[in-house]
There are 2 protein chains.
Amino acid sequence: MAKLQKSIDKRNALIKATIELVNNNGFHATPMSKIAKMAKVSPATIYLYFENKQDLVNKTYIEVKAKYTDYAFANYNESMSVKTGFETIWKRIAEFKLNEYEHAMFLAQCDNTPMIDEPSLKEGIKHLQPLLDLWERGKQEGIIKPVSNYLLYAYAVSPLSFLMIAQKRGAFQLDKEQIEEAYQSAWSSIKKCEQ
Amino acid sequence: MAKLQKSIDKRNALIKATIELVNNNGFHATPMSKIAKMAKVSPATIYLYFENKQDLVNKTYIEVKAKYTDYAFANYNESMSVKTGFETIWKRIAEFKLNEYEHAMFLAQCDNTPMIDEPSLKEGIKHLQPLLDLWERGKQEGIIKPVSNYLLYAYAVSPLSFLMIAQKRGAFQLDKEQIEEAYQSAWSSIKKCEQ
DNA sequence: AAAAAAAGAATGAACGTTCATTTTTGTCTA
DNA sequence: TAGACAAAAATGAACGTTCATTCTTTTTTT
């Protein structure tokens, strides 16, 4: 067990270093040698855990995406009403983007860049399924606008990415009240009018 | 004039090649030699027009950003009402993101990556000023929600970036009706309630 | 024919990856 | 239980390649 434990620690250190360095310098400007140094490991050791640099960054993406969605759905269960369920998920997503912004920034970079290969991007999308299922239910119940889930996501969730980046750049600071207001705006955007 | 003309053509070809290659491969995977080849120019020639690779990509960013905002404000003038002005600008932004998506994708990558240096990012932001001015006027007139311009942008404009990327990835297709609906959603998000 | 622009080849540095070797871990034997 | 030994893990140095940039020469322009 000691052996396995040690390995997992190193793997985690490599993933952590990758996130931090890619966030600060971008994929192109983070050499394997720097990742190794930050993880306190020899460059050669990386290749015991990952096939190559692309594999390292793909796996990092998938792990961070899983972390994101675990976080988002932590307080949610399917017996909730559509409205409560959405509020629960949305607020967790907001919390993640604003508190765990190292991870959120990394995802934003991956999602706007040809950094990650297609299969890994596909893999990452799967994790959002519970939110899509909730919306489908909402549409059937006549509570949610009968439009594509892409539109719902764009209206209600994607603004949080913009706010996270503006906040991270120090442009302004979000407080509790603004988050509540942003939530109301998100819900208004996706709920069926005048129910 | 012939000399200058020729130079501008080459410069434009270099900028165009940079956009296309960075879009497809990312900054890290587009060597100067490929940019040169696509622009039908020797690698050494690039250095007659730009200081170095970073300068090339910075200048490309600023040019594309200027193109974006010129496009966005083309039909707008300050004598319009707040509501009409916003609709005019918003629809042009939508058009740009969906039709000129090569340029829009490039901007998205720049804005989510440490690819562009800080001064050039700052330079690029300036161009949005007319929209911010319009919002300030709207707040004074009691038409627009009295909240930070960052929030207004997040609610009303940033969803378009998400939709552009989804569309570009072939995930789904936006039609006229959905754009109109997205506009209504955007306007609802920023207008002061129940005026 | 001088000056400017452009070209291709050359250069040196940096990078991803691999190789040969050492260190650590875990197991088996006496 | 001590010690030997095989397997696994880890390492630092080395390799070959690629890249941004520069140098020298050629072509074009005026």
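In what follows, chains are A, B, ... by sequence order, proteins preceding strands, each numbered from 1.
Checked against side chain to side chain contact (heavy atoms under 4.5 Å, CB included), B:Glu136 has the following partners two or more places apart in sequence or in another chain: B:Lys139, B:Asn149. Considering only residues two or more places apart in sequence or on other chains, A:His28 meets the side chain to side chain contact (heavy atoms under 4.5 Å, CB included) condition with B:Phe27, B:His28. Residues forming a side chain to side chain contact (heavy atoms under 4.5 Å, CB included) with A:Ser42 (at least two apart in sequence, or on another chain): A:Ala44, A:Thr45.
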What string of B, S and - do you get for nucleotides 16-21 of chain C, 5' to 3', when a contact is any protein heavy atom under 4.0 Å?
-> SBBB--
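Applying the salt bridge (Lys or Arg N to Asp or Glu O under 4.0 Å) definition to pairs two or more places apart or across chains, none involves residues 12-40 of chain A. Residue pairs meeting the salt bridge (Lys or Arg N to Asp or Glu O under 4.0 Å) criterion with at least one partner in residues 141-165 of chain B, sequence neighbours excluded, are A:Glu181-B:Lys145, B:Arg137-B:Glu141.
With a 6.0 Å cutoff to the six-membered ring centre and a 45° limit on the axis angle, A:Arg11 does not count as a cation-pi contact of A:Tyr49.
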Show me the side-chain donor-acceptor pairs of residues 154-163 of chain B shorter than 3.5 Å, one per line, residues at least two apart or across chains.
residue	atom	partner	partner atom	Å
B:Tyr155	OH	A:Ala182	N	3.4
B:Ser158	OG	B:Ala154	O	2.6
B:Ser161	OG	B:Lys97	NZ	2.7

Just list the side-chain donor-acceptor pairs under 3.5 Å for residues 73-86 of chain A, sequence neighbours left out, or say none.
residue	atom	partner	partner atom	Å
A:Asn77	OD1	A:Ser79	N	3.0
A:Asn77	OD1	A:Ser79	OG	2.4
A:Ser81	OG	A:Thr84	N	3.1
A:Ser81	OG	A:Thr84	OG1	2.8

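A:Ile8 has its CD1 atom 12 Å from the P atom of D:dA10, to the nearest Å. The distance from atom CG of B:Asp9 to atom P of C:dA5 is 15 Å, rounded to the nearest whole Å. Rounded to a whole Å, the CG atom of A:Asn25 is 11 Å from the P atom of C:dC15. At whole-Å resolution of the value, CD1 in B:Ile35 and P in D:dA20 are 7 Å apart. When the C1' atom of D:dT21 is taken as reference, atom CG of B:Leu48 falls 12 Å away, rounded to whole Å. Computed from coordinates, the B:Phe50 CZ to D:dT22 P distance equals 16 Å when rounded to whole Å.
Heavy-atom distances under 4.0 Å link DNA chain C to no residue of residues 114-121 of chain A.
Applying the under-4.5 Å side-chain rule to Ile, Leu, Val, Met, Phe, Trp and Tyr, the cluster around A:Met164 extends to A:Tyr101, A:Met105, A:Ile165. Grouped by direct or indirect side-chain proximity (heavy atoms under 4.5 Å, Ile/Leu/Val/Met/Phe/Trp/Tyr only), B:Ile125 sits alone.
The C1' atoms of five pairs define one axis at each end of the helix from C:dA1-D:dT30 to C:dA30-D:dT1, and these two axes lie 10° apart (to 10°).
A close approach under 4.0 Å does not occur between any side-chain nitrogen or oxygen of B:Ser42 and OP1 or OP2 of C:dA6. Proximity of B:Tyr49 to the phosphate of C:dA5: no side-chain N or O atom is located under 4.0 Å from OP1 or OP2. One finds a side-chain N or O of A:Lys10 lying less than 4.0 angstrom from the OP1 or OP2 phosphate oxygen of D:dA10.
The structure places CD of B:Glu63 at 10.5 Å from CZ of B:Phe106, a figure rounded to the nearest 0.5 Å.
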